[in-house]
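Residue numbers begin at 1 in each chain, while the letters A, B, ... track the order of the sequences. Only heavy atoms go into these numbers, but all of them, side chains included; no hydrogens, no water, no symmetry mates.
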Number of protein chains: 2
Amino acid sequence: MTRPGHRVPDGYDTSAYPSFAVTVDIVILTMRGGHLHVLLVQRGGEPYAGMWALPGGFKRPDETLDQAARRELREETGLVAPKHLAQFGAYGDPGRDPRTNVVTVAYLAVTPDPGSLHAGTDAAAARFWPVVDAVRELSLAFDHHRILSDAVDRAAEQLEQTDLATAFVGDTFALSELQSVYEELWQAEIDPANFRRSLTSPPPSTAAPGAYVEPTGKRAKASPRGGRPPELFRAGGAWRTQPPVRRPRTPRDQDRRTGGDIPE
Amino acid sequence: MTRPGHRVPDGYDTSAYPSFAVTVDIVILTMRGGHLHVLLVQRGGEPYAGMWALPGGFKRPDETLDQAARRELREETGLVAPKHLAQFGAYGDPGRDPRTNVVTVAYLAVTPDPGSLHAGTDAAAARFWPVVDAVRELSLAFDHHRILSDAVDRAAEQLEQTDLATAFVGDTFALSELQSVYEELWQAEIDPANFRRSLTSPPPSTAAPGAYVEPTGKRAKASPRGGRPPELFRAGGAWRTQPPVRRPRTPRDQDRRTGGDIPE
DNA sequence: TTAATAGTGTCTTTAAGACACTATCAG
DNA sequence: CTGATAGTGTCTTAAAGACACTATTAA
């Protein structure tokens, strides 16, 4: 990167390289009532005034991208400790912002349901939307529709590869809560007995560090509609060696893209 | 993203958002003699004059990031058709370029061994390095060491999830070639009989589209040291539903990070 | 009691590891 | 022939799916 005066493309002025604004945008996902939700803010000014958009803002020269993401998260939503926050893509199509050249770096944040949004937030202009609605019915500002879709795809992939599922639930949780995270993101049903076995039995022989979930000895309250109160678990240390649940591969799953193959 | 004048952080001037240069850098991986290699260019001008660096250059306002990556790839290396080219990260730490604020978007390119580099390239200033050497012994310009490491980690992950392995080999290939891609990137030995079974037996029941590899009926020449000439295969269409080879998880694999968890 | 949710036990299927064996080449 | 690489067959183990069954709550 970044070497003016080194093997210069023909006819391209090296002394004056083009200038961009750089922003970070954050896709904040959580589970509410068994369904995946995303936090959106309503835009005040032009362009796209009044439309819903992902929270985000300009990167400053003296901070890293991660710091910018964390700062914007706090400033726009009051959230200070998402359980997961990681970059997942950069977007720089010409004209994606009508005013100027903007490249944005998109982040995926995952948190247990925070209930209401914290201080420092204009609550009227920020709310969680069911992801299904946001994707299908809402017209989002800029290229945020695509960014949101990419984020959800990424989250679904990461469920299978990391401990991302545990970022959706609290420090202690019932297995059925965790299961609903997988079922919602994968749009697939999982047998509760097999799910429990996968999570509670020790990770494949070779791995050392603990289990996937550890019993706390406590139980949650029974649901308002009755039913046995579930045991509460804590996330264990075994996720890094080998995540416990594999995604069902259905035949019609063909259209899921994994990453950039060459389209020509 | 990208909204000057919308919910402005206190004390931050919204009318003049900071300006950045945006570059793309490309990690070009290939297999040579059974070992993973990366293409590096030697820098002409300051800063880091004379040091090895990843090929790359400035994004133009009228092109997408993908187009910029493809253009730089062609301009700096003569490569026009890598089998894989995809973004994998953005890097924007303050001071990563001593001259000005630069955010770079990093791409992973994978190609079968092109032999010599094509026209349009200053061959003296561009060569493939064994990745092991580049990572351990070479001091790279900017933060390119980290970018290279991240690219290799990403490639190793993607082997398990996509058809990336086939991007390292030609249109027809021996299974042993493909196997060496996995073994090199995972630093693990794979039983050739089991590897063959995984690739040549049909993908899990539910999947429809073809096989992982299709026989061409042809055979390669035997190696100079003798041995039976291998069958040549073509990549099939089954990779997208469920990749054929799972990565061995060793106990000491714990240190492999999967993505940004929260470090606090 | 019934409806609802949580949790156990077990049989079967399938993927993966181990490894002995055969096949075909160069020299 | 030997050494080297390619390819087949089979036994065993481990993970995952299916599903019948028991347990504990609210109303």
Side-chain angles (χ1 to χ4, degrees), chain A residues 33-34 160 169 172-180 182-183 186 188-207 211-213 215-233 238 241-251, chain B residues 33-34 160 169 172-180 182-183 186 188-207 211-213 215-233 238 241-251:
Chain A
E160 195 174 13
V169 299
T172 71
F173 50 85
L175 291 185
S176 61
E177 283 183 79
L178 203 58
Q179 183 177 338
S180 81
Y182 287 91
E183 292 187 330
W186 288 347
E189 298 214 329
I190 301 175
D191 181 302
N194 295 337
F195 183 80
R196 168 178 301 266
R197 182 183 52 197
S198 296
L199 282 160
T200 54
S201 60
S205 37
T206 46
Y212 294 114
V213 293
T216 63
K218 298 181 181 176
R219 288 183 172 275
K221 286 174 181 158
S223 103
R225 293 201 302 286
R228 177 173 174 173
E231 285 182 67
L232 291 177
F233 291 85
T241 24
Q242 166 102 301
V245 190
R246 298 203 67 192
R247 181 179 191 157
R249 318 277 171 158
T250 69
Chain B
E160 194 173 14
V169 300
T172 70
F173 50 86
L175 291 184
S176 61
E177 284 182 79
L178 203 58
Q179 183 178 339
S180 81
Y182 287 91
E183 293 187 329
W186 288 348
E189 296 216 330
I190 301 175
D191 179 304
N194 295 337
F195 183 80
R196 168 177 301 267
R197 181 183 54 198
S198 297
L199 282 161
T200 55
S201 60
S205 37
T206 46
Y212 294 115
V213 294
T216 63
K218 298 180 182 176
R219 287 183 171 275
K221 286 174 181 158
S223 103
R225 292 201 303 286
R228 178 173 173 173
E231 284 183 70
L232 291 177
F233 292 85
T241 24
Q242 166 101 303
V245 189
R246 298 203 67 191
R247 182 179 191 156
R249 318 277 171 159
T250 68

message: So does B:Glu160 get a backbone contact from the side chain of B:Arg247, meaning a donor-acceptor N/O pair under 3.5 Å?
response: no

- prompt: Taking the side chain from B:Glu183 and the backbone from B:Ile190, do they hold a donor-acceptor pair closer than 3.5 Å?
  reply: yes

Starting the side chain at C-beta, find the nucleotide from [options] nearest to [X].
X        : options                : value
A:Arg228 : D:dA18, C:dT5, C:dG9   : C:dT5
B:Pro230 : D:dG7, D:dA16, D:dT25  : D:dG7
A:Ser176 : C:dA6, D:dG7, C:dG7    : C:dA6
B:Ala222 : D:dA18, C:dC25, C:dA18 : C:dC25

message: Looking at D:dT5, I'd like to know if its phosphate oxygens (OP1 or OP2) sit under 4.0 Å from a side-chain N or O belonging to B:Arg225.
response: yes

Beyond-backbone contact of B:Phe233 with B:Leu199, side-chain heavy atoms, under 4.5 angstrom: no

query: Side-chain contact, heavy-atom cut-off 4.5 Å: A:Gln179 with A:Glu189?
result: no

Measure from [atom1] on [X] to [atom2] on [N] and round the result to the nearest Å.
X        : N      : atom1 : atom2 : result
B:Glu189 : C:dA18 : CD    : P     : 11 Å
B:Arg246 : D:dA14 : CZ    : P     : 16 Å
A:Gln242 : D:dA16 : CD    : C1'   : 13 Å
B:Leu232 : D:dA6  : CG    : C1'   : 12 Å
A:Phe195 : D:dA16 : CZ    : P     : 12 Å
A:Asp191 : C:dT8  : CG    : P     : 14 Å
B:Gln179 : C:dG17 : CD    : P     : 12 Å
B:Glu160 : C:dA16 : CD    : C1'   : 13 Å

- request: Using only heavy-atom distances, decide whether a donor-acceptor pair under 3.5 angstrom links the side-chain of B:Asn194 to the base of C:dA18.
  value: yes

query: Is a donor-acceptor contact shorter than 3.5 angstrom present between the side chain of B:Arg197 and the base of D:dG7?
result: no

message: Give me the atom names and distance for the closest heavy-atom approach of B:Val245 to B:Phe195.
response: CG2-CE1, 3.8 Å

Residue whose nearest DNA chain C nucleotide is more 5′ - A:Arg196 or A:Gly227: A:Gly227

- prompt: Which residue, B:Ser223 or A:Val245, contacts DNA chain D at a nucleotide closer to its 5' end, judged by nearest heavy atom?
  reply: B:Ser223

query: Which comes earlier along DNA chain D counting from the 5' end, the contact point of A:Ala193 or that of A:Pro229, where each point is its nearest nucleotide?
result: A:Ala193

message: Using a heavy-atom cut-off of 4.0 Å across all strands, would you classify B:Ala174 as base, sugar-phosphate, or nothing?
response: nothing

message: Within the 4.0 Å heavy-atom criterion, would you say B:Pro192 contacts the bases, only the backbone, or no part of the nucleic acid?
response: nothing

